[in-house]
K.L.:
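This structure is in structure tokens; I'll ask about it shortly.
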Amino acid sequence: MSQSDPSKIFSRIAGTGGYLPERVMTNKDLEKIVETDDQWIRDRTGIEQRHISADSQTTSDLAYEAAILALEMANVKAEDLDLIVVATTTPDKIFPSTATILQQKLGNRGAPAFDVQAVCTGFVYGLSVADQFVKTGMAKKVLVVGAETLSRITNWTDRNTCVLFGDGAGAVVLESSTEAGILSTHIHADGQYEDLLHVPSGPSKVAQTDDIAERTMNMKGNEVFKVAVNTLSRIASETLEANNITKEDLDWLVPHQANLRIINATAKKLSLGADQTVVTVNRHANTSSASVPLALNEAVRDGRIQRGQLLLLEAFGGGFTWGSALIKF
Ligand code: COA
């Protein structure tokens with residue numbers, strides 16, 4: 001694993017940003033909407049509260065706030081970006097892409113801008129795509145955002161799902177560098193699990209009834225849980241082996257924030273303690289593609305993650321999709 005290699009181009013994280021909508025919905029608030037209780041939610045998921053967008057806020061609004069902070073930290077002007085990638089499952093419109101709407105808000109013109117849809121693995125997919133552009137010299141300054149207004153596709157009468165999700169956005173600015181940054185990314189999918197976690201209808205598969213369940217998230221939680229734990233353990237091993245390192249070399253696990261029990265199972269497998277695992281699920285709930293960059297941003301900004309440290313990012317989501325990134329920060 002080289003630290004600095006003039007013959008090689010790396011993508012280096014130059015800045016991070018995050019944004020959470022102002023409105024906080026606690027578990028106690030949910031008790032008033034569905035038959036649930038604070039203790040059940042805490043025990044099964046680790047979630048205590050989530051942020052919910054205002055009616056007027058769209059995914060690109062959230063993405064914009066996170067992007068501005070990442071650009072500021074990186075000291076990069078929006079007009080100098082030569083690629084914008086937005087990972088989202090909840091785009092503002094069917095088209096144009098949320099990435100081009102964000103581009104307009106940022107004042108960038110001409111850079112390629114597109115969305116990536118891999119549900120909760122979206123940010124890791126976006127990072128992987130952006131990394132290929134940088135490594136091949138196609139782009140030098142890239143904005144990658146994970147942003148979601150999941151509250152818009154949540155069935156607020158279904159206690160099996162509505163307690164689990166929240167809204168938010170996280171962003172990174174990548175810069176081309178001869179110093180090590182993203183060391184490897186690993187992305188996968190297996191479409192046979194479509195029906196375990198999905199929204200049954202969409203623009204092409206039109207809803208056949210007025211039932212709200214057709215237009216919101218449906219999940220077989222128990223089955224998703226089992227596959228998630230096994231898959232995340234496999235992707236961690238795959239990443240370590242590909243880089244010829246051991247779990248002892250890792251400084252931080254920055255996992256997808258779906259459920260504290262899933263996070264703890266992955267951390268245990270990697271022998272990483274609570275002091276090496278970034279946890280935001282208690283305050284953010286599952287923000288899908290925003291969850292990993294939000295967690296990363298939080299630990300970078302509060303000084304836990306330091307330059308030169310080795311980070312393992314991982315995620316799992318609908319599809320199923322899953323992925324990881326090993327990063328020298
Ligand atoms: N409040 C109170 N009770 C609830 C509830 C809620 N919000 N949601 C479900 N229950 C009930 C169920 O109805 C069930 O009752 P029953 O035994 O009388 O039928 C009971 O709690 C247990 O349900 P079960 O689904 O077996 O619980 P679980 O331990 O698997 O926990 C999840 C449920 C959803 C928290 C868990 O399966 C999970 O986190 N799965 C993964 C979800 C995920 O990460 N998705 C995103 C992946 S990106």
Side-chain angles (χ1 to χ4, degrees), residues 1 11 13 46 85 87 89 116-132 135 144 146 170 172 180-194 196-197 219 221-273 276-281 286-296 299 305 309-329:
M1 190 194 345
S11 338
I13 296 181
V85 180
T89 308
V116 166
Q117 217 288 44
V119 205
C120 299
T121 318
F123 178 77
V124 175
Y125 265 60
L127 206 61
S128 181
V129 170
D131 186 41
Q132 315 308 318
K135 283 196 300 204
V144 185
V172 298
I182 295 178
L183 297 170
S184 70
T185 60
H186 307 262
I187 54 175
H188 299 279
D190 187 345
Q192 72 167 305
Y193 296 105
E194 175 185 350
L196 291 190
L197 177 53
M219 184 177 67
N222 226 315
E223 290 169 63
V224 175
F225 188 95
K226 282 180 215 146
V227 186
V229 170
N230 289 332
T231 309
L232 288 169
S233 155
R234 272 207 326 273
I235 192 86
S237 304
E238 178 187 328
T239 313
L240 298 180
E241 276 165 33
N243 288 278
N244 204 17
I245 61 169
T246 65
K247 54 192 183 183
E248 285 74 28
D249 294 315
L250 294 174
D251 292 301
W252 286 99
L253 173 67
V254 187
H256 173 47
Q257 310 283 324
N259 184 313
L260 189 58
R261 290 188 290 148
I262 298 177
I263 294 172
N264 287 342
T266 311
K268 192 172 169 204
K269 179 97 186 157
L270 290 166
S271 310
L272 293 172
Q276 289 179 289
T277 306
V278 184
V279 173
T280 57
V281 69
N286 181 350
T287 56
S288 192
S289 71
S291 105
V292 170
L294 269 170
L296 175 68
I305 291 181
Q309 289 187 324
L310 198 57
L311 325 179
L312 175 65
L313 277 50
E314 48 84 335
F316 177 90
F320 291 141
T321 56
W322 62 100
S324 66
L326 187 74
I327 300 173
K328 189 100 180 167
F329 185 67

K.L.:
Is atom NZ of Lys269 surrounded by more than 12 heavy atoms (other residues, nucleotides or ligands) closer than 6.0 Å?
P.N.:
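For Lys269, atom NZ is not crowded (no more than 12 foreign heavy atoms under 6.0 Å).
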K.L.:
Between the side chain of Asn243 and the main-chain N/O of Thr239, is any donor-acceptor distance below 3.5 Å?
P.N.:
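Judged by distance alone, yes, a pair lies under 3.5 Å.
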K.L.:
Tell me the closest heavy-atom pair linking Leu312 and Ser324, and the distance in Å.
P.N.:
CD1-CB, 4.3 Å
K.L.:
Provide the closest heavy-atom pair for Gln309 versus Ile305 in the form atom of the first, atom of the second, distance.
P.N.:
OE1-CA, 3.5 Å
K.L.:
Show your working on side-chain contact (heavy atoms from CB on, under 4.5 Å) between Val116 and Val144 and close with a plain yes or no.
P.N.:
CA-CA 10 Å; Val116 166; Val144 185; over 6 Å; no
K.L.:
Side chains of Leu253 and Glu314: does their closest heavy-atom pair fall under 4.5 Å?
P.N.:
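They are in side-chain contact.
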K.L.:
Decide yes or no for Phe123 and Val172: does some side-chain heavy atom of the first lie under 4.5 Å from some side-chain heavy atom of the second?
P.N.:
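Result yes, sub-4.5 Å side-chain heavy-atom pair found.
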K.L.:
Hey, does Asn259 have a side-chain heavy atom less than 4.5 Å from the side chain of Val281?
P.N.:
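No, too far: nothing below the 4.5 Å cut-off.
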K.L.:
May I ask you to decide if Val227's main-chain N or O and Asn230's side chain share a donor-acceptor pair within less than 3.5 Å?
P.N.:
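Checked: no pair found.
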K.L.:
Quick one: do Leu296 and Ile13 satisfy side-chain contact (heavy atoms from CB on, under 4.5 Å)? Show the steps, please.
P.N.:
CA-CA 11 Å; Leu296 175 68; Ile13 296 181; 4.1 Å; yes
K.L.:
Atom CG in Leu127, atom CD in Gln132: separation rounded to 0.5 Å?
P.N.:
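Separation between the atoms: 10.0 Å.
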K.L.:
Could you tell me if the side chain of Asn286 sits less than 4.5 Å from the side chain of His256, heavy atoms only?
P.N.:
yes
K.L.:
So Val278 and Leu311, do their side chains get closer than 4.5 Å, heavy atoms only?
P.N.:
no
K.L.:
Roughly how far, to the nearest 0.5 Å, is the CZ atom of Phe316 from the CD1 atom of Ile262?
P.N.:
8.0 Å
K.L.:
Got Val254 and Ile327 here, is their nearest side-chain heavy-atom distance under 4.5 Å?
P.N.:
no
K.L.:
Say whether, by atom type as modelled, one donor and one acceptor occur between the side chain of Thr266 and the main chain of Leu232 under 3.5 angstrom.
P.N.:
no
K.L.:
Would you mind reporting whether Leu270 and Thr277 have side-chain heavy atoms less than 4.5 Å apart?
P.N.:
no
K.L.:
So Val124 and Ile187, side-chain contact (heavy atoms from CB on, under 4.5 Å) or not? Walk me through it.
P.N.:
CA-CA 8 Å; Val124 175; Ile187 54 175; 4.2 Å; yes
K.L.:
For a quick test of reading the model, state the closest non-hydrogen atom pair linking Val292 to Ala315 and the distance between them.
P.N.:
CG2-CB, 4.3 Å
K.L.:
Restricting to non-hydrogen atoms, name the atom on Val119 and the atom on Gly318 that form the minimum distance, rounded to 0.1 Å.
P.N.:
CG2-O, 3.6 Å
K.L.:
Given the rule in the side-chain contact (heavy atoms from CB on, under 4.5 Å) test, do Thr89 and Ser289 qualify, once you have shown the distances and angles that lead to the verdict?
P.N.:
CA-CA 8 Å; Thr89 308; Ser289 71; 5.6 Å; no
K.L.:
With distance as the sole test, does Ser291 use its side chain to make a donor-acceptor pair with the main-chain N or O of Gln257 at under 3.5 Å?
P.N.:
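Yes, the answer is positive, given that a donor and an acceptor are paired below the 3.5 Å cut-off.
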K.L.:
So Leu250 and Leu326, do their side chains get closer than 4.5 Å, heavy atoms only?
P.N.:
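Heavy-atom side-chain distance check passes, below 4.5 Å.
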K.L.:
To the nearest 0.5 Å, what is the distance between NE2 on His188 and CH2 on Trp322?
P.N.:
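Interatomic distance, His188 NE2 to Trp322 CH2, rounded to 0.5 Å: 6.5 Å.
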K.L.:
Quick one: pull up CD in Gln276 and NZ in Lys247 and give me the separation to the nearest 0.5 Å.
P.N.:
12.0 Å
